[in-house]
2 protein chains.
Amino acid sequence: MTDQSDALGRGPTIYDVARAAGVAASTVSRAFSRPGRVRSETAERIRRVAAELGYHAHPIARAAPTGRTSMVALVISDITNPFSNQIIHGAHVAAVEAGYSLLLADAQESGLREREVLERVMPTVDGVVLATSRMPDAAIRTIAKQRPLIVLNRTIADVPCIVTDNPRGMRRAVEHLAALGHQRISYAAGPEASWADGIRWRSLRAAATELGLHVRRIGPGEPTISGGAVAATELLRHPTSAVIAYNDLVAIGLMQALTARGVAVPRDVSVVGFDNVYAAELVTPALTTVAAPLHAMGLTAVRNLLAVVRGAKPHALEPVMLPSRLVVRASTSHLRRNRTSPAWATRRVSGSSAKSSSLTVSGSR
Amino acid sequence: MTDQSDALGRGPTIYDVARAAGVAASTVSRAFSRPGRVRSETAERIRRVAAELGYHAHPIARAAPTGRTSMVALVISDITNPFSNQIIHGAHVAAVEAGYSLLLADAQESGLREREVLERVMPTVDGVVLATSRMPDAAIRTIAKQRPLIVLNRTIADVPCIVTDNPRGMRRAVEHLAALGHQRISYAAGPEASWADGIRWRSLRAAATELGLHVRRIGPGEPTISGGAVAATELLRHPTSAVIAYNDLVAIGLMQALTARGVAVPRDVSVVGFDNVYAAELVTPALTTVAAPLHAMGLTAVRNLLAVVRGAKPHALEPVMLPSRLVVRASTSHLRRNRTSPAWATRRVSGSSAKSSSLTVSGSR
DNA sequence: TTGAAAGCGCTAACAG
DNA sequence: CTGTTAGCGCTTTCAA
């Protein structure tokens, strides 16, 4: 290859600096290398010269021999979800603060897409964050063998994870509802492949059992507003006075659909969401929700990832647990007295509670 | 360098394939090269062998000699803004459909950050999309000289741009308000460095002049909910019966602050936003807004960018203009009869309209 | 069409 | 601490 068009752009190269400073190229390289950043006089001069010339080591040329690209990938199950915004933001902040760039990839709620996109992206990054992954555990473990990996919002043995305290958050929500006098709670589930959905449902059951409440599961459904609308229809068939939704979007969709059919929130039904998305406090009624520290999650995910990249042992056993808290707003209120079953539950006899078989949770991921 | 640890990961290389197929490395390379994808029998065999071995050309190794990375950068003024979501999504779709990856960078509403982040990112991408850039024209032109560039939501001579039809959208909004009987409109401005803010304000003035309405400018302010709250205070000092906000967030903040002070929307004030963000239809009252085709913008931005990357002439002169439309919802209503000035405007005499000097627009970017 | 060889810009042994 | 020398894995001339 005699004449290499203009391969990597036309900035000054390490050789230009070397010539201008009267040293060997490797010396220049060293003057910029990792630890200590050589303090000799020559090194100083080289750096001055480099600065004058406007020299910057080309990231790709650097990546070729080292394999390090100073990029991390953030793979997210659904960019569209407002949930993603803050995670992305947090991740970006952490990346930039460490001199890294962020490669963003959307899995479109599909484990397959996720695989594909990862295949494309993996060789070009130093590590990857899998946010709310829809892939099976095995696939994730495979990834972990190839690149430093952090999993967000899910736990997998031997893979460093970051999760929020779903059990505690759910517990708070249930206690809140119980304190308001609610006895029967429906859970509007999310996607089947969602780990969060699994643990939320299990936590709900656990909390309900302890507090002596009845629970019922609706779904699975899409983690969106329209998913919430679907859940509403189902709820109307087996009414309860309170609903906890897989996430805020579902909760909002639920409230809208309920309201549209003349069922008032919170008068007739109390609704609780998860995540504390931006819109949660904008809707009417403002949504009571279990807030996840979304921004912090993205932030610590990338920070921890970079720690691993730099050689830290992924103390894989204990997943990092970030706190979640209940934000009480207007979508929950006291159960109306003098009635066991909700006032609007006319189309269904309320005699016995939902058949207990509905308590069975099919898969738990 | 005798032993290069495991430089670019440990997949099979082109040499492995070459050996397995009994040909030279260059032949393998050719079997995968761009046009025609050589149809010889050898080439076929090579591809079979490669598939069996699970060979994939390493993107970085490929980038070294060619300079092409199959990545594009999307630089966004503020990831946090829900506005960004759909743009990012559209951009991602277009990138993936072309086999590209998306490097996401947040400028945090600062021209400086934008520069910095661009410096980091430029050498590693084949092109960049600047969404709602806060940099001065000159800086952008400099970028354009180094990499294929598309600018979103802004026009710059000799740089390919994509914008929405702000004038038309604003015109529709004003007509709508006029039809409802409003005579005086306030504009709650956005950031000074925003090109969109400039054109929106100018379009508003133009439309108002034609329709014989009075307009007044509040701001500049932050393009956020709290920015809207600030604008509300100012509005209360010089009340008008209608407000058009720089964007939906400002509009929402405005509505909230107004409501909090007992000024009802739309009864006392009609409010119009821009963008048609997700939350616009979630708030109460649902927001009347000038909808921008956010997703389409991100999509066509990246598509056009890739066309340029592939060698298409950037027909830079005519900016691509995407349509915008008025979405009428609940935040606008008829001016209440029998009063020239809004009912709640007690603290201010309404005799003469705002002093005309307030009509002056300082800078228009 | 094919193979040989040079080189993208940088890093990492290895002697001196 | 510095210079020398091999490459990272791929592409692209050039001659056969």
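For the numbers below, each heavy atom of this structure counts, side chains included, while hydrogens, waters and symmetry mates do not. Numbers restart at 1 for each chain; the letters A, B, ... are given by sequence-line order, proteins then strands.
Mapping Ala61(B) and Ala25(A) onto DNA chain C via the closest heavy atom, the residue that lands nearer the 5' end is Ala61(B).
Direction change of the helix axis from one end of the helix from dT1(C)-dA16(D) to dG16(C)-dC1(D) to the other is 30°, with five pairs defining each end axis (rounded to 10°).
Put simply, Thr66(A) has no side-chain N or O that comes within less than 4.0 Å of OP1 or OP2 on dT11(C). A sub-4.0 Å separation between OP1 or OP2 of dT11(D) and a side-chain N or O of Ser26(B) is absent. Here Arg30(A) does not reach the OP1 or OP2 of dT11(C): none of its side-chain N or O atoms lies under 4.0 Å away.
Heavy atoms of Val23(B) sit under 4.0 angstrom from primed sugar atoms or phosphate atoms, though from no base atom.
Partner of Leu152(B) under the side-chain contact (heavy atoms from CB on, under 4.5 Å) criterion, out of Ile87(B), Thr132(B), Ile76(B): Ile87(B) alone.
Distance Ile60(A) CD1 to dG9(D) P: 16 Å, rounded to the nearest Å. The interatomic distance linking Arg45(B) (CZ) with dT1(C) (C1') rounds to 13 Å, in whole Å. dG7(C) atom P lies 22 Å from atom CZ of Arg62(B), rounded to whole Å. Counting to the nearest Å, the P atom of dG9(C) and the CZ atom of Phe32(A) are 16 Å from each other. Taking atom CG of Leu8(A) as the reference point, atom C1' of dT11(D) lies 12 Å away to the nearest angstrom. Across the protein-nucleic acid pair, Leu53(B) atom CG and dG9(D) atom C1' stand 15 Å apart, rounded to whole Å. When the C1' atom of dG3(D) is taken as reference, atom CD1 of Ile46(A) falls 12 Å away, rounded to whole Å.
No side-chain donor-acceptor contact under 3.5 Å links Arg134(B) to the backbone of Ala107(B). A side-chain donor-acceptor contact under 3.5 Å links His58(A) to the backbone of Pro123(B). With hydrogens and angles disregarded, no donor-acceptor distance shorter than 3.5 Å links the side chain of Ser133(A) to the backbone of Leu130(A). Listed for the Ser84(B) side chain is no donor-acceptor partner under 3.5 Å among the backbone atoms of Thr80(B). Formation of a donor-acceptor pair under 3.5 Å by the Asp126(B) side chain with backbone atoms of Ser70(B) is found in this model. Although no hydrogens or angles enter the test, the distance criterion places a donor-acceptor pair under 3.5 Å between the side chain of Arg120(A) and the main chain of Gly99(B).
The side chain of Ala64(A) lies closest to dG9(C) when the candidates are dG9(C), dC10(C), dA12(C). When each of dG9(C), dG9(D), dT12(D) is scored by its nearest atom to the side-chain atoms of His58(B), the top-ranked nucleotide is dG9(D). Which of dG3(C), dG9(C), dC8(C) sits closest to the side chain of Thr27(B) comes down to dG3(C). Comparing dG9(D), dG3(C), dG3(D) by their nearest atom to the side chain of Ala24(B) picks out dG3(C).
Near DNA chain D, defined here as any heavy-atom distance below 4.0 Å, there are no residues from residues 13-22 of chain A.
Between Asp106(A) and Arg113(A), no side-chain nitrogen of the basic residue sits less than 4.0 Å from a carboxylate oxygen of the acidic one, so the salt-bridge criterion is not met.
The shortest side-chain heavy-atom distance between Arg154(B) and Ile140(B) falls under the 4.5 Å cut-off.
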Under 3.5 Å, sequence neighbours excluded: what are the donor-acceptor pairs made by side chains of residues 14-26 of chain A?
residue, atom, partner, partner atom, Å
Asp16(A), OD2, Thr13(A), N, 2.8

